[in-house]
Amino acid sequence: MKVVFKNKEAIVIGQKDFEEQHIFESGQVFRFLPAEKGYIGVAGDKRANIYMQDGNLHIFPCDESIFPFWRDYLDLDTDYTAIKDTLSFDDYVKESINYGSGLRILKQDPFETLISFIISANNNVKRIMGIIDRICTAFGEAKNDTFGTYYAFPTPAELIKASVQDFIECGAGYRAPYLAQTVKSINDGFDLEVIGEMEYSDAKKKIQQLHGVGPKVADCILLFAYGFGQAYPLDVWVKRVTRSIYLQDDCSLKEMSEFSYNKFGEYAGIAQQYMFFNVRKNGLPETIELDRK
DNA sequence: TCCCAGGGCTTGT
DNA sequence: ACAAGCCATGGG
C-alpha cells in the first residue's frame with residue numbers, strides 16, 4: 001500500500017474496491033453525510049472527509065499518526081476483489097456485487113456500534129441518524145477541526161449520565177429504557193472486549209444478554225464492530241431475499257441463519273451487505289415479486 | 001401465541 | 001393534504 005501525506009491529507013494511491021456511497025449508505029454506519037467530495041463523518045472521536053479522486057483514496061484531515069486508525073476502520077488491508085470473486089458463484093450475489101462493487105465492511109467501535117444498533121431496531125435510517133446525532137451533541141465531547149465543531153461519540157462513562165428521559169428527548173422512543181439499561185451494564189463491567197475473542201455462536205448469545213439486543217441487532221454488532229464474517233443480519237429485506245430466492249416463504253430465522261453459513265461460510269456477512277444494498281436500491285427481483293403474489 | 005409500544009419517513013389515496 | 005404502512009425487541 002502506497003500512502004502519501006501532504007497538506008494534512010492522507011492519499012492512498014490506487015485504492016481498489018472503494019466507493020463512498022456503497023460504504024456509507026449501506027446501513028452499517030449512521031454518522032456520515034455526503035459532502036462536496038465524498039462523505040464527511042465522525043467515527044469515535046475522529047472526523048474526516050473521505051473521498052475517491054482519480055483512483056486514489058483521500059482522507060482529510062489525516063497525518064501519519066492518525067492514518068492507522070482509518071486504515072483499520074476502512075478495512076483497507078482486506079482484498080475485496082478476492083472476496084467478490086469467491087462470492088460470485090451465486091447469481092444473485094454476483095448481480096448485487098455489480099451494484100455495490102465498492103462496498104466494504106467498516107470496523108467500528110463496539111460500544112458505538114452497540115448503542116447505534118439498539119437505536120436502529122424497528123427504525124429508519126434518517127431517524128436513526130437524528131437520534132444518534134442528538135445523543136452525541138448532548139453527551140459527547142466537543143471537538144474542533146478545520147470544518148468547525150463536532151461531537152465525539154460519548155464514552156460509556158459519559159453516557160451513564162443520560163437518563164431514560166434524556167434518551168426520550170433525543171427521540172429514542174420506547175428504546176430509551178433499553179439504552180439506559182445497556183449503558184449501565186457496560187459501566188457495571190459487561191466486557192465488550194472478550195466478545196471479539198469468542199466463537200461466533202457464543203459471542204452472539206453473550207451480546208444478546210444486553211437489553212435491546214436481539215438476534216438481528218446482535219449480528220449487526222458482530223459484523224460491523226468485530227468483523228465476524230459469518231454474522232448474517234436478517235433484517236426484513238434480507239429475509240425477503242433469503243426466503244424468496246433460496247428457501248421457502250415460511251422458513252424460520254434459524255433455518256435462514258444456518259443456510260447463510262452453509263452457502264457463504266465466513267463471507268456470509270459480506271454477501272448480506274451486497275444483497276442488502278441491491279435490494280434496498282432496486283427492490284426484489286421482478287420474478288420474485290410475481291412469485292410472491 | 002399474539003399483541004402492543006415512539007415516531008419519522010415512505011407510499012398510496 | 002392526509003392516512004396507512006413500515007420497522008426488531010421486550011414484556012404483558
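A note on names: the letters A, B, ... follow the listed sequences, proteins ahead of strands, and every chain is numbered from 1. All values reported here derive from a predicted model rather than from experimental measurement. Heavy atoms only: backbone and side chains are in, while hydrogens, waters and symmetry mates are out.
Atom CD1 of A:Ile118 is separated from atom P of C:dA8 by 15 Å (rounded to the nearest Å). The distance from atom CH2 of A:Trp237 to atom C1' of C:dA8 is 16 Å, rounded to the nearest whole Å. Rounded to a whole Å, the CD1 atom of A:Ile207 is 12 Å from the P atom of C:dG10. Atom NZ of A:Lys239 and atom C1' of C:dC6 are 13 Å apart (whole Å). The distance from atom CG of A:Leu210 to atom P of C:dA8 is 19 Å, rounded to the nearest whole Å.
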**OP:** Summarise protein proximity over nucleotides 2-9 of chain B in one line of letters, 5' to 3': B for base, S for sugar-phosphate only, - for none, counting protein heavy atoms closer than 4.0 Å.
**Re:** ---BBBBS

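Scored by the salt bridge (Lys or Arg N to Asp or Glu O under 4.0 Å) test, A:Asp250 finds no partners at all (sequence neighbours excluded). With sequence neighbours left out, A:Asp72 forms a salt bridge (Lys or Arg N to Asp or Glu O under 4.0 Å) with A:Lys107. For the salt bridge (Lys or Arg N to Asp or Glu O under 4.0 Å) test, no residue two or more places apart in sequence or in another chain qualifies with A:Asp235. In this structure A:Lys254 satisfies the salt bridge (Lys or Arg N to Asp or Glu O under 4.0 Å) test together with A:Glu258, sequence neighbours excluded.
Separation of the P atoms belonging to B:dG6 and C:dC2 is 24 Å when rounded to the nearest angstrom. To the nearest whole angstrom, the two P atoms, one in B:dT10 and one in C:dA8, are 16 Å apart.
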Distance-only donor-acceptor pairs under 3.5 Å for side chains of residues 23-32 of chain A, two or more places apart:
{"from": "A:Glu25", "atom 1": "OE2", "to": "A:Tyr39", "atom 2": "OH", "distance (Å)": "2.5"}
{"from": "A:Ser26", "atom 1": "OG", "to": "A:His22", "atom 2": "O", "distance (Å)": "3.3"}
{"from": "A:Ser26", "atom 1": "OG", "to": "A:Ile23", "atom 2": "O", "distance (Å)": "3.0"}
{"from": "A:Ser26", "atom 1": "OG", "to": "A:Gln28", "atom 2": "NE2", "distance (Å)": "3.3"}
{"from": "A:Ser26", "atom 1": "OG", "to": "A:Gln273", "atom 2": "OE1", "distance (Å)": "3.4"}
{"from": "A:Gln28", "atom 1": "OE1", "to": "A:Leu106", "atom 2": "N", "distance (Å)": "2.9"}
{"from": "A:Gln28", "atom 1": "NE2", "to": "A:Ile23", "atom 2": "O", "distance (Å)": "3.1"}
{"from": "A:Gln28", "atom 1": "NE2", "to": "A:Arg104", "atom 2": "O", "distance (Å)": "2.7"}
{"from": "A:Arg31", "atom 1": "NH1", "to": "A:Tyr151", "atom 2": "O", "distance (Å)": "3.1"}
{"from": "A:Arg31", "atom 1": "NH2", "to": "A:Tyr151", "atom 2": "O", "distance (Å)": "2.8"}

Using distance only, find each side-chain donor-acceptor pair of residues 168-176 of chain A under 3.5 Å and give its atom names and separation, not counting sequence neighbours.
{"from": "A:Glu169", "atom 1": "OE2", "to": "A:Gln165", "atom 2": "NE2", "distance (Å)": "3.3"}
{"from": "A:Tyr174", "atom 1": "OH", "to": "A:Asn122", "atom 2": "ND2", "distance (Å)": "3.0"}
{"from": "A:Arg175", "atom 1": "NE", "to": "A:Ile119", "atom 2": "O", "distance (Å)": "3.3"}
{"from": "A:Arg175", "atom 1": "NE", "to": "A:Ala121", "atom 2": "O", "distance (Å)": "2.8"}
{"from": "A:Arg175", "atom 1": "NH1", "to": "A:Ala172", "atom 2": "O", "distance (Å)": "2.9"}
{"from": "A:Arg175", "atom 1": "NH2", "to": "A:Ala121", "atom 2": "O", "distance (Å)": "3.1"}
{"from": "A:Arg175", "atom 1": "NH2", "to": "A:Asn122", "atom 2": "O", "distance (Å)": "2.8"}

Side-chain atoms of residues 209-217 of chain A: list all donor-acceptor pairs with protein atoms under 3.5 Å, sequence neighbours left out, distances to 0.1 Å.
none

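Non-hydrogen atoms lying under 4.0 Å from DNA chain C are contributed by A:His211, A:Gly212, A:Val213, A:Gly214, A:Pro215, A:Lys216, A:Val217, all within residues 211-221 of chain A.
A ring-centre distance under 6.0 Å is found for A:Trp70 and A:Tyr73.
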